[in-house]
2 protein chains.
Amino acid sequence: MSTSKPTIHDVASLAGVSKSLVSLALSGSKKVSEKSRERILAASESLGYRRNAAARSLAVQRSQTMGVLILDLHNPVFAEILDGVQSELRDYGYSTMLVTGGKDPVLEKTEIDSLLQFQIEGLILISHRLSSRELTKIANEVPTVTVTREDIISSALDTVCNDDVAGARLAVDHLVSLGHSKIVCLSGGDNPVSHSRVQGYRLAMQQHGKETFASVVSGGLTDATGYQAAIQALSQKPTALFVANDIAAMGAIAAIEEAGLSVPADVSVVGYDGISLGALRSVNLTTIAQPLDELGRLAAKALVQRIKSPGSKSQHIRVSSKLVVRGTSAAI
Amino acid sequence: MSTSKPTIHDVASLAGVSKSLVSLALSGSKKVSEKSRERILAASESLGYRRNAAARSLAVQRSQTMGVLILDLHNPVFAEILDGVQSELRDYGYSTMLVTGGKDPVLEKTEIDSLLQFQIEGLILISHRLSSRELTKIANEVPTVTVTREDIISSALDTVCNDDVAGARLAVDHLVSLGHSKIVCLSGGDNPVSHSRVQGYRLAMQQHGKETFASVVSGGLTDATGYQAAIQALSQKPTALFVANDIAAMGAIAAIEEAGLSVPADVSVVGYDGISLGALRSVNLTTIAQPLDELGRLAAKALVQRIKSPGSKSQHIRVSSKLVVRGTSAAI
DNA sequence: CCCTTTCGTTGGAACGTTCCAAAAGTATGC
DNA sequence: GCATACTTTTGGAACGTTCCAACGAAAGGG
């Protein structure tokens with residue numbers, strides 16, 4: 001760090017060639033003679049030369065970088081989706097710039113703004129808190145894919161989601177097949193994802209001819225809200241709970257155990273999301289697992305494709321989730 | 001997106017001024033007349049103009065961006081540290097570029113390389129798998145701070161860590177004060193962090209005159225390794241376990257319960273890290289909590305300071321962790 | 001031996017910004 | 001009314017790269 005960073009000129013003069021030839025050699029062009037290539041590579045190596053991505057992106061008018069906004073790093077669901085996004089984008093030769101909004105819509109906007117200043121070529125929102133207006137505005141400026149939310153649909157926007165209605169149905173099917181009837185649903189509060197899951201629950205209960213037992217207690221997507229909702233639900237003496245997400249399900253389990261009941265002997269619990277946490281031995285949660293990694297990969301793929309052919313109409317991909325039976329559900 | 005992005009020239013000609021004045025106005029200089037400023041802002045707004053960060057960073061020779069490498073997004077410890085890093089850096093006016101190595105040293109290197117191409121001004125490694133050689137090389141190229149690891153010390157490098165020896169001592173003190181003597185330690189395997197924690201355990205046992213009871217079972221930092229180690233440890237009939245991290249502690253608890261014992265009635269368990277997961281009602285883990293957010297903030301601060309005065313000698317900050325008593329530890 | 005082709009190489013322009021020196025405009029003092 | 005000072009504005013250079021048109025050299029064909 002004593003002197004300033006070496007540039008392509010430094011490499012050129014050390015190798016005794018022009019900067020243009022260095023540029024050619026470094027990008028692997030075959031028009032460069034073997035002799036020159038070797039000298040250039042050696043010079044570049046010995047100087048510790050690194051391409052300046054800013055200058056490059058200015059010259060080629062492409063940043064080779066995608067922006068990713070993640071709603072909240074603490075919720076493992078999002079982190080697991082991110083993994084899929086990143087590894088797929090890497091394969092396509094894109095770098096990733098990640099920001100968090102920390103659940104704050106205002107911060108979210110300024111962070112996206114900063115991404116746009118970096119001339120990102122595309123944007124992936126792993127959930128978000130933006131209004132429909134803001135989202136459309138952003139999507140008109142840069143190719144955008146939202147993961148996890150399919151409520152805001154715009155022609156400028158691709159979406160990747162799991163089928164929440166079908167997923168909820170799987171949960172109910174499973175519990176019914178174990179002999180349960182008094183299955184109470186703990187909703188995830190007032191948000192589009194939770195609504196679909198509740199709807200799936202109702203539909204399934206109906207199909208099994210158990211609509212008289214159907215009962216929804218309103219909760220939330222956190223440990224604490226799951227706990228509270230479970231306490232309320234227990235007064236109805238259910239034999240099983242279907243909870244809107246895994247984290248809330250963990251809260252619910254705590255409430256059940258504190259009430260002196262045991263899971264799954266007295267009450268079965270099925271969650272939703274399939275976070276890797278649920279696979280831990282001490283949690284061991286039966287759940288409807290979204291293919292989180294795949295969700296991320298699909299989002300990345302959709303984005304890349306959309307960039308390649310900007311005219312194509314927007315995709316709305318829906319993948320199916322599957323039941324993973326673990327230790328919190330059992331026959332009645 | 002129909003036409004290409006507006007540049008500063010477009011704004012200038014719409015406002016009827018020179019590009020230089022636009023640049024001045026946009027950076028909030030007070031040498032711009034009120035009239036011009038208004039016209040420029042209006043023009044910029046109506047065109048949806050955004051500064052090109054690449055061009056800017058080329059011109060000012062500063063990227064205003066820091067790079068962050070995170071070992072593994074799935075481990076909540078790192079995500080929580082990251083949060084501190086990001087919010088602190090934001091306050092200093094830096095953007096953050098985040099990459100993951102996915103625990104793979106080779107990938108880690110290429111990802112850091114890509115960060116360096118973006119002319120990041122500093123680098124924060126939230127744990128890593130680099131060799132001492134590689135790390136020093138990188139640190140010589142760009143100001144670097146490592147969080148969580150203090151084993152590799154170089155004059156080019158700042159480090160931010162918690163005091164693992166003292167933390168482990170807190171755990172033992174707590175268990176002893178509850179009347180425990182047969183306290184077995186489940187190590188976190190062969191890594192510097194785990195070594196310090198085991199060492200702290202031994203020291204504390206000695207100080208309490210319980211060295212005859214001291215026993216270390218080698219485990220790891222994952223759920224599965226914690227589970228395995230606990231099974232082994234149980235053959236020694238301990239009344240308490242001190243486990244090298246929270247995740248492994250959760251595995252250990254599962255093993256204890258499967259053995260027909262109950263936590264904390266039969267065996268107390270204390271973990272290490274203080275991940276927010278441990279606060280969930282169904283986990284409710286007694287642990288030695290590192291100030292994760294603060295760790296991140298301190299790393300960011302150290303990095304900024306180091307950039308401001310590049311000559312100053314390297315800092316090695318160590319913060320203390322504290323005991324958080326929850327439901328997995330009880331009197332004998 | 002000259003004309004064409006091919007290969008390897010080169011200088012200069014361009015990308016969008018900031019910064020500087022200097023120009024233009026406006027106010028102040030005598 | 002003119003020199004002086006101060007405020008506002010401007011064109012051009014610079015940042016490090018890529019791309020293009022054009023160049024010289026070597027090779028091949030007649």
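Keep in mind the model is a prediction, meaning the values are calculated, not measured. Lettering of chains follows the sequences in order, A, B, ..., and the numbering in each one begins at 1.
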- prompt: Taking C-beta and beyond as the side chain, do B/H128 and B/T146 meet within less than 4.5 Å on heavy atoms?
  reply: yes
Hey, are [Y] and [X] close enough side-chain-wise for a donor-acceptor pair under 3.5 Å?
X	Y	result
B/E80	B/S276	yes
B/R297	B/S87	yes
B/S23	B/S20	no

Sorted by number, the residues of residues 43-54 of chain B with heavy-atom contact under 4.0 Å to DNA chain C: B/Y49, B/R50, B/R51, B/N52
[X] has an atom [atom1]; how far is it from atom [atom2] of [N], in whole Å?
X	N	atom1	atom2	answer
A/K35	D/dA26	NZ	C1'	13 Å
A/R39	C/dG8	CZ	P	15 Å
A/K31	D/dT18	NZ	C1'	13 Å
B/L58	D/dA14	CG	C1'	9 Å
A/R62	D/dT17	CZ	C1'	15 Å
A/L26	D/dT17	CG	P	9 Å
B/K5	C/dC15	NZ	C1'	14 Å
B/I8	D/dA14	CD1	P	19 Å

query: Just how far is it from atom CD1 of A/I81 to atom CG of B/L73, taken to the nearest 0.5 Å?
result: 12.5 Å
- prompt: Quick one: CD1 on A/I275 to NE2 on B/H74, what's the gap to the nearest 0.5 Å?
  reply: 11.0 Å
- request: Take A/R37 and A/K19, find for each the nucleotide of DNA chain C with the closest heavy atom, and name the residue whose nucleotide sits nearer the 5' end.
  value: A/R37
message: Determine whether a donor-acceptor pair (one donor, one acceptor, N or O, separation below 3.5 Å) exists between the side chain of B/S18 and the base of D/dG11.
response: no
field: Closest to side chain of A/Q61, choosing from C/dC15, D/dT18, D/dG12
entry: C/dC15
- prompt: Base, sugar-phosphate alone, or nothing: which one does B/S33 contact when heavy atoms must sit under 4.0 Å apart?
  reply: sugar-phosphate
query: For B/S36, which contact category applies under a 4.0 Å heavy-atom criterion: base, sugar-phosphate, or nothing?
result: sugar-phosphate
message: I want to confirm an ordering. Mapping A/A55 and B/L24 to their closest nucleotides on DNA chain D, which one lands closer to the 5' end?
response: B/L24
task: Could you check A/A59 against B/L21 and say which one's nearest nucleotide on DNA chain D is further toward the 5' end?
output: B/L21
message: Using a strict threshold of under 4.0 Å (side-chain N to carboxylate O), is an ion pair present between A/D104 and A/R129?
response: no
message: Does C/dT18 have its OP1 or OP2 closer than 4.0 Å to a side-chain nitrogen or oxygen of B/S23?
response: yes
- prompt: Does A/S20 make a side-chain N or O approach to OP1 or OP2 of C/dG11 shorter than 4.0 Å?
  reply: no
